[in-house]
Amino acid sequence: MTNTADCVATVVDPKAHAEPARLYDAYAWLRRNEPLARAELPGFDPFHVVTRHADILEISRDNTLFPYGSYPSTLAPHLAVENGRAARAAGRPLLYTLVQMDEPDHMKYRALTQGWFMPQNLRRLEARVRELARDAVARMEELGGQCDFVNEVALHYPLRVIMEILGVPREDEPRMLQLTQELFGATDPDLRRRSEDETPEARQRAMQATLADFFNYFNQLTEARRAKPQDDVASVIANASIDGNQISAFDAVSYYLIIATAGHDTTSSSTAGALWALAERPAELAKVKANPELIPGLVDESIRWTTPVRHFMRSVSQDTEVAGRPVKKDDWFMLCYPSGNRDETVFDDPLEFRVDRSPNRHLAFGYGAHLCLGQHLAKMEMRILWEELLPRLRSVELAGAAQLSEANFVNGPKKLPIRYELA
Ligand code: HEM
């Protein structure tokens with residue numbers, strides 16, 4: 001790839017996110033030649049594509065200078081930007097989650113559940129997470145040496161962990177999984193909700209129907225936890241107060257929604273992406289099997305390698321500079337985490353998967369005030385799964401074509417056929 005327009009078109013194209021070679025080529029060209037590329041795409045407000053590790057950090061670090069502002073936190077067409085602004089101006093935002101909030105609201109809402117996701121509290125959950133990881137390995141055993149690791153194993157383990165923490169009963173997990181896949185897979189022909197036809201309007205209606213299903217489900221959960229609180233995150237949120245007032249049912253539902261979606265798909269993707277990488281690299285598998293103290297490094301490398309969250313957007317509250325170039329108040333920026341995580345000025349051999357990579361200053365959890373709330377949980381889940389699986393995994397290889405989803409926001413393997421032998 002040799003020009004800005006083609007590279008920009010590639011990094012926003014959902015299909016390119018299923019073709020790593022093409023995608024990483026475009027990011028590399030932009031990092032080298034146009035680290036603050038201007039995107040002017042039909043139907044979208046113009047925005048800057050930020051591809052270098054240092055610039056993504058600089059923007060993420062200061063959420064007063066670089067807030068969401070009046071823009072959505074993920075790339076959306078002009079019409080959706082305008083609808084969102086109109087809805088907020090009328091006091092009826094479409095959704096109000098931590099990744100729609102600037103300060104002071106953001107820190108107040110984040111503080112409500114932060115304690116639940118900190119290492120001290122997670123230690124109390126570790127034994128239960130280990131039981132669930134053992135169930136996942138037992139499932140692999142039942143499957144008899146061949147499976148689609150994504151759909152039969154990886155999607156279910158983090159789902160069960162986060163739903164137990166949130167307080168969603170087991171029988172509703174398939175529904176939560178389906179709705180999450182519809183939301184994050186809205187541009188993938190295999191994952192999105194069926195719409196009457198393929199027009200953008202019909203797709204938009206399908207997406208709204210998915211959100212409405214989440215809202216209906218979680219409204220009932222709010223009522224149940226207000227009536228009878230339990231030891232779960234849903235009860236903390238439903239009964240929380242901000243500035244002395246109980247939070248609205250709408251805010252509670254929005255909060256559930258981000259935890260119920262961000263809290264599993266991303267972790268499944270990193271887990272499956274790591275097994276895919278290990279199946280293709282027997283020497284790396286042998287290294288981590290022989291040196292279990294490398295498991296935390298394997299986890300970090302899995303998250304860098306897969307970078308399941310492909311971007312978040314930011315705006316800017318005053319004229320300033322980014323990447324040594326002037327930017328104007330209210331400009332819009334796409335933070336390309338997978339590009340930062342392949343930046344050759346930060347990582348040696350960034351296109352290699354190395355279980356012993358150190359240091360590994362990846363940006364896959366973001367940075368600054370919005371740094372992933374669930375990062376410790378995600379890392380704990382993956383560490384425990386590898387601690388349970390690796391000592392028993394004699395061999396693993398691909399048993400067919402693996403596939404990534406066609407999605408430019410949350411992305412990961414949607415199919416991973418493997419053949420394996422367990423001790
Ligand atoms: C490998 C797994 C995961 C990845 C790669 C990931 C990635 C991210 C990223 C990139 C952000 C935005 C950071 C920023 O804007 O600076 C984020 C925010 C967030 N994540 Fe995660 N995440 C993962 C797992 C989880 C889990 C398990 C939870 C469960 C609670 C979770 C909950 C959240 C929440 C609530 C936010 C919003 C935080 C805020 O705005 O203050 N994530 N995550």
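Worth knowing before you read on, the calculation uses all heavy atoms, side chains too, and leaves out hydrogens, waters and symmetry mates. Counting starts at 1 for both ligands and their atoms, following the listed order. A quick note: this is a predicted structure, and the numbers were derived from the prediction, not measured. All residue numbers in this chain count up from 1 along the given sequence.
Put simply, the side chain of Leu65 reaches to within 4.5 Å of the side chain of Val316, judged on heavy atoms. Between Glu301 and Phe353, the closest side-chain pair of non-hydrogen atoms falls below 4.5 Å. Residues Arg342 and Trp305 have side chains in contact (heavy-atom distance under 4.5 Å, counting atoms from C-beta outward). With a 4.5 Å cut-off on side-chain heavy atoms, Leu179 and Leu211 do not count as touching. Trp116 places a side-chain heavy atom less than 4.5 Å from the side chain of Ile165.
Per-residue contacts place Val99 under 4.0 angstrom from the following atoms of ligand 1 (heavy atoms of the residue considered): 37 (C), 40 (O). When each atom of ligand 1 is checked for a heavy atom of Tyr367 under 4.0 Å away, the hits are 16 (O). Heavy-atom contacts of Val309 reach the following atoms of ligand 1: 7 (C), 8 (C), 10 (C) (cutoff under 4.0 Å). For ligand 1 and Gly366, the ligand atoms under 4.0 Å from any heavy atom of the residue are 10 (C), 13 (C), 14 (C), 16 (O).
With a 4.0 Å heavy-atom cut-off, ligand 1 is reached by the side chain of Phe312 but not by its N, CA, C or O. Only the side chain of Arg314 comes within 4.0 Å of ligand 1, judged by heavy-atom distances. The proximity of His106 to ligand 1, defined as any non-hydrogen pair under 4.0 Å, is limited to the side chain.
For Ser270, no nitrogen or oxygen atom sits less than 3.5 Å from a nitrogen or oxygen atom of ligand 1, counting backbone and side chain alike. Between Thr267 and ligand 1, a contact under 3.5 Å exists for no N or O pair.
Nearest to atom 6 (C) of ligand 1 among the protein's heavy atoms is Phe365 CD2, 3.7 Å. The shortest contact between atom 24 (C) of ligand 1 and any protein heavy atom is with Thr266 OG1, 3.3 Å. Protein heavy atom nearest atom 40 (O) of ligand 1, with residue, atom name and distance: His370 ND1, 2.7 Å. Atom 27 (C) of ligand 1 has Gly263 O, 3.5 Å as its closest protein atom, hydrogens excluded (heavy atom only). The protein atom (non-hydrogen) at minimum distance from atom 30 (C) of ligand 1 is Phe117 CE2, 3.5 Å. Of the protein's heavy atoms, Leu373 CB, 3.8 Å lies nearest to atom 34 (C) of ligand 1. When hydrogens are left out, the protein atom nearest atom 20 (N) of ligand 1 is Cys372 SG, 3.2 Å; that is the closest non-hydrogen contact. Looking from atom 5 (C) of ligand 1 to the surrounding protein, the closest heavy atom is Ala364 O, 3.5 Å.
The heavy atom nearest to atom 25 (C) of ligand 1, considering only Ala378, Ser269, Ala262, Ser302, is found in Ala262.
Taking CG from Leu155 and NZ from Lys414, the interatomic distance works out to 12.5 Å, rounded to the nearest 0.5 Å.
In this structure, Ser60 falls outside the shell of residues with a heavy atom less than 4.0 angstrom from ligand 1.
A salt bridge is absent between Glu58 and Arg61: the closest approach of a Lys/Arg side-chain nitrogen to an acidic carboxylate oxygen does not fall below 4.0 angstrom. Salt-bridge formation is detected for the pair Glu344/Arg31: a Lys NZ or Arg NE/NH1/NH2 atom is positioned less than 4.0 Å from an Asp or Glu carboxylate oxygen. Using a 4.0 Å cut-off between a side-chain N of Lys or Arg and a carboxylate O of Asp or Glu, Glu387 and Arg383 qualify as a salt bridge. Using a cut-off of 4.0 Å between Lys/Arg side-chain N and Asp/Glu carboxylate O, Asp13 and Arg22 are scored as salt-bridged. Ion pair Arg134/Glu131 not flagged as a salt bridge, since none of the NZ, NE, NH1 or NH2 atoms sits closer than 4.0 Å to an Asp/Glu carboxylate oxygen.
A donor and an acceptor atom, one from each side chain of Asn341 and Thr307, are located under 3.5 Å apart.
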